[in-house]
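This report concerns only the one structure given below.
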Amino acid sequence: MEVSLPYGFEPRPYQVNILRALDQGCKRAVQVWHRRSGKEKTDVAAVMGRKMLERVGSYYYVFPELTQGRKILWDGMDRDGMRFIDHFPRSLMQGEPNNTEMKFRLINNSLFQVVGSDRFNTVLGTNPIGMVLSEYSLQDPMCWGYFRPILAENGGWAVFNFTPRGENHAHDLHQLALEDKFDPKTNPGGWFDEVLTVDDTKAVSQEILDRERKEIKRLYGNDALFLQEYYCSFTVPIFGAYYAEQISKAQRDKRIGNVPHDPALLVDTWWDLGVNDRTAIWFTQSVAQELRAIDYFEGSGQGLDYYAKALQDRGYVYGKHVAPHDITVRELTNGKSRRDTARTLGIDFAVAPKLPVIDGIDSVRAMFPRVWFDATRCKEGLNALKNYRKQYDDKRKTYLNVPYHDWSSNGADAFRTWAVARDYVKKDRRAWDEDHHDKYARAQARPRIKGVGVLG
């Protein structure tokens with residue numbers, strides 16, 4: 001039986017540009033398309049469906065969370081009731097799709113699988129040659145950081161589709177693409193980038209737009225969300241973000257810029273220790289009432305020795321290392337806590353006081369006006385703070401004052417450690433200052449301790 005591709009899909013005029021660029025050999029494409037513009041349908045039917053038959057390999061369709069992948073794509077339908085995965089005709093499949101793992105193979109042996117950026121470690125070690133990263137502005141940026149070199153090595157392609165969520169990592173990618181535009185003749189290794197608003201596509205009727213704008217104004221008091229969703233505005237803060245106002249003010253006050261490390265001052269570190277997710281560390285210095293965030297580091301799936309080495313490699317002379325209270329929890333297998341393990345590596349943690357999360361968030365807001373950030377070294381940490389937001393209640397159509405846990409939580413939690421423990425640590429600061437010059441001199445003269453360095 002003869003099958004035409006894309007199957008069950010006729011692209012609209014505004015959807016043709018990205019398809020043409022990919023056909024011309026473009027390997028990286030950014031779709032900043034408004035809500036209800038048909039991003040998913042274009043990428044499933046016209047991109048994935050064709051690419052999987054052109055070259056045999058593994059192809060991933062990535063969502064911010066695996067559960068979203070099931071709801072939106074695997075079980076999802078378009079406005080006409082057609083399931084998205086039905087754009088892959090069964091006559092081209094090997095057997096039945098695997099509903100549990102949300103994957104299937106085509107008759108040429110190409111593999112399609114839905115993946116969540118919150119669980120991208122489940123496909124670590126694989127070698128995909130094509131990916132769509134859907135709603136990339138809400139994804140864990142570490143996911144692309146892992147797959148990027150793999151696709152670069154094997155000549156694979158990636159499409160990033162999203163509507164904006166403030167000036168976060170998706171905005172950075174958009175800016176990168178604008179500076180390195182694809183041209184099949186003069187810049188074949190460049191990026192395709194396209195921003196499409198409702199004025200560009202005419203895909204949503206004026207009647208629906210007027211109703212949407214009116215309802216959004218009634219619910220939220222302004223039309224900022226409307227401008228974000230339908231006019232692709234990057235300047236609108238992420239809705240429900242805890243620190244949107246504070247970060248905006250820091251930008252206006254020019255407190256985000258070049259904040260160099262001062263070798264005459266000790267460096268304190270503030271941690272959030274992940275078990276199954278990432279560990280985050282803020283590096284700070286303070287002078288009188290001025291608080292300086294000079295560096296940030298995070299990792300995933302590593303032991304404490306990995307982070308101890310990261311501290312050593314930076315070459316700072318450290319004051320205090322402060323972790324949340326759960327560092328004292330002892331493991332059943334050996335009776336040791338991670339605090340005990342850290343001591344063997346040369347890191348003697350102080351323990352932050354345990355406060356309700358909301359009280360900690362209030363402490364962060366109160367501290368923010370005194371903080372200066374290095375824009376380059378703290379970029380990932382600032383991104384986490386920008387994206388740290390409240391849970392949204394779909395039934396009540398309102399935000400709950402409970403944090404939404406995703407990739408941004410660890411960096412925000414480590415920053416909260418700083419806010420709630422700063423006064424506690426400050427009690428010892430006079431003693432540190434009195435001993436500072438002697439300690440610094442000893443640090444430069446003596447050999448590294450236990451292969452880790454001088455960690456305070």
Side-chain angles (χ1 to χ4, degrees), residues 1-29 31 33 37-63 66-117 119-120 122-123 125-136 143 147 150-151 153-161 192:
M1 183 177 74
E2 190 172 301
V3 177
S4 298
L5 295 177
Y7 181 75
F9 174 75
E10 183 68 33
R12 301 171 186 173
Y14 66 84
Q15 295 168 330
V16 170
N17 288 339
I18 185 173
L19 303 179
R20 182 182 294 117
L22 292 170
D23 284 345
Q24 291 173 334
C26 180
K27 302 292 187 182
R28 303 288 182 269
Q31 290 172 283
W33 292 7
S37 59
K39 296 187 292 290
E40 241 57 88
K41 203 166 180 67
T42 303
D43 294 343
V44 170
V47 178
M48 275 289 188
R50 296 169 64 197
K51 291 291 187 182
M52 289 179 67
L53 289 176
E54 289 175 3
R55 180 181 174 187
V56 176
S58 296
Y59 294 81
Y60 295 151
Y61 210 105
V62 187
F63 285 87
L66 191 62
T67 53
Q68 290 174 304
R70 180 172 295 279
K71 179 180 178 181
I72 295 171
L73 187 119
W74 194 258
D75 295 331
M77 302 179 184
D78 64 17
R79 68 184 69 180
D80 298 319
M82 182 176 184
R83 297 178 67 204
F84 284 111
I85 64 167
D86 285 344
H87 287 292
F88 300 93
R90 292 300 174 91
S91 60
L92 296 181
M93 289 187 186
Q94 291 184 28
E96 292 295 313
N98 184 326
N99 189 58
T100 302
E101 298 182 28
M102 292 186 284
K103 66 181 183 181
F104 58 79
R105 286 191 183 275
L106 297 185
I107 54 177
N108 69 342
N109 214 36
S110 282
L111 173 72
F112 173 93
Q113 185 167 4
V114 176
V115 176
S117 74
R119 302 182 191 178
F120 74 89
T122 60
V123 289
T126 60
N127 187 35
I129 58 174
M131 301 177 70
V132 173
L133 295 98
S134 180
E135 294 298 346
Y136 181 67
C143 177
F147 286 111
I150 296 174
L151 294 178
E153 189 277 330
N154 66 24
W157 57 268
V159 172
F160 305 81
N161 78 47
F192 172 86

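Atom set for the values below is all heavy atoms of this structure, side chains included, hydrogens, waters and symmetry mates excluded.
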### Task
Please step through side chain to side chain contact (heavy atoms under 4.5 Å, CB included) for the pair Val44 and Phe9, ending with a clear verdict.
CA-CA 10 Å; Val44 170; Phe9 174 75; over 6 Å; no

### Message
Within a 6.0 Å radius of atom OH on Tyr7, are there more than 12 heavy atoms belonging to other residues, nucleotides or ligands?
### Response
no

### Query
Val114 and Lys103: side chain to side chain contact (heavy atoms under 4.5 Å, CB included), yes or no, with the steps?
CA-CA 6 Å; Val114 176; Lys103 66 181 183 181; over 6 Å; no

### Message
Is the shortest side-chain heavy-atom distance between Asn98 and Phe104 below 4.5 Å?
### Response
no

#### Entry: CG-CD1 distance between Leu53 and Ile107, expressed to the nearest 0.5 angstrom
7.5 Å

### Query
What's the spacing between Cys26 SG and Trp157 CH2 if we round to 0.5 Å?
11.0 Å

### Summary
Heavy-atom closest pair (Pro11 atom, Leu19 atom, distance to 0.1 Å) is CB-CD1, 4.1 Å

### Query
With Phe84, which residues qualify under ring pair (Phe, Tyr, Trp, His ring centres under 6.0 Å), at least two apart?
none

### Message
Which residue in the set Val115, Val62, Val123 passes side chain to side chain contact (heavy atoms under 4.5 Å, CB included) when paired with Phe147?
### Response
Val123

### Query
In this structure, which one of Arg12, Gln15, Gln31 forms a side-chain hydrogen bond (donor to acceptor under 3.5 Å, both in side chains) with Thr42?
Gln15

## Note on the structure
Heavy atoms of Ala158 and Leu151 approach each other most closely as CB-CD1, 3.9 Å

### Task
I would like to know whether Tyr14 and Ser37 meet side-chain hydrogen bond (donor to acceptor under 3.5 Å, both in side chains); could you show each step before the answer?
CA-CA 9 Å; Tyr14 66 84; Ser37 59; 5.4 Å; no

### Message
Ignoring hydrogens, what is the shortest heavy-atom contact between Trp33 and Gly38? Give both atom names and the distance.
### Response
CZ3-O, 4.3 Å

### Leu22 to Lys51 - nearest heavy-atom pair and separation
O-NZ, 3.4 Å

### Spacing of Cys143 atom SG and Tyr136 atom OH [to the nearest 0.5 Å]
8.0 Å

### Query
Any donor and acceptor pair, going by atom type alone, linking the side chain of Arg70 with main-chain N or O of Asn99 inside 3.5 Å?
yes

### Query
Is Arg83 reaching over with its side chain to a backbone N or O of Trp74, donor-acceptor style, under 3.5 angstrom?
yes

### Message
For a quick test of reading the model, state the closest non-hydrogen atom pair linking Ala29 to Ile18 and the distance between them.
### Response
CB-CD1, 3.9 Å

### Query
Asn127 side chain to Ser58 main-chain N or O, any donor-acceptor pair under 3.5 Å?
no

### Query
Ignoring hydrogens and geometry, is there a side-chain-to-backbone donor-acceptor pair from Asn108 to Met52 under 3.5 Å?
yes

### Query
Quick one: CE on Met48 to CE on Met131, what's the gap to the nearest 0.5 Å?
8.0 Å

### Task
Quick one: pull up NE2 in His87 and NZ in Lys41 and give me the separation to the nearest 0.5 Å.
3.0 Å

### Message
Is any side-chain heavy atom of Glu153 closer than 4.5 Å to one of Ile150?
### Response
no

### Query
Where is the tightest heavy-atom contact between Ile85 and Leu73, given as atom of each residue plus distance?
CG2-O, 4.0 Å

### Query
Do the side chain of Arg55 and the main chain of Ser110 share a donor and acceptor less than 3.5 angstrom apart?
no

### Query
Is there a donor-acceptor contact under 3.5 Å from the side chain of Asp78 to the main chain of Met82?
yes

### Message
Students often mix this up, so state it plainly: with edges at 30° and 60°, are the rings of Phe112 and Tyr61 parallel, tilted or perpendicular?
### Response
tilted

### Task
Ignoring hydrogens and angles, state whether a donor on the side chain of Glu40 or Ser134 is under 3.5 Å from an acceptor on the partner side chain.
yes

### Query
Is any side-chain heavy atom of Thr126 closer than 4.5 Å to a side-chain heavy atom of Tyr60?
yes

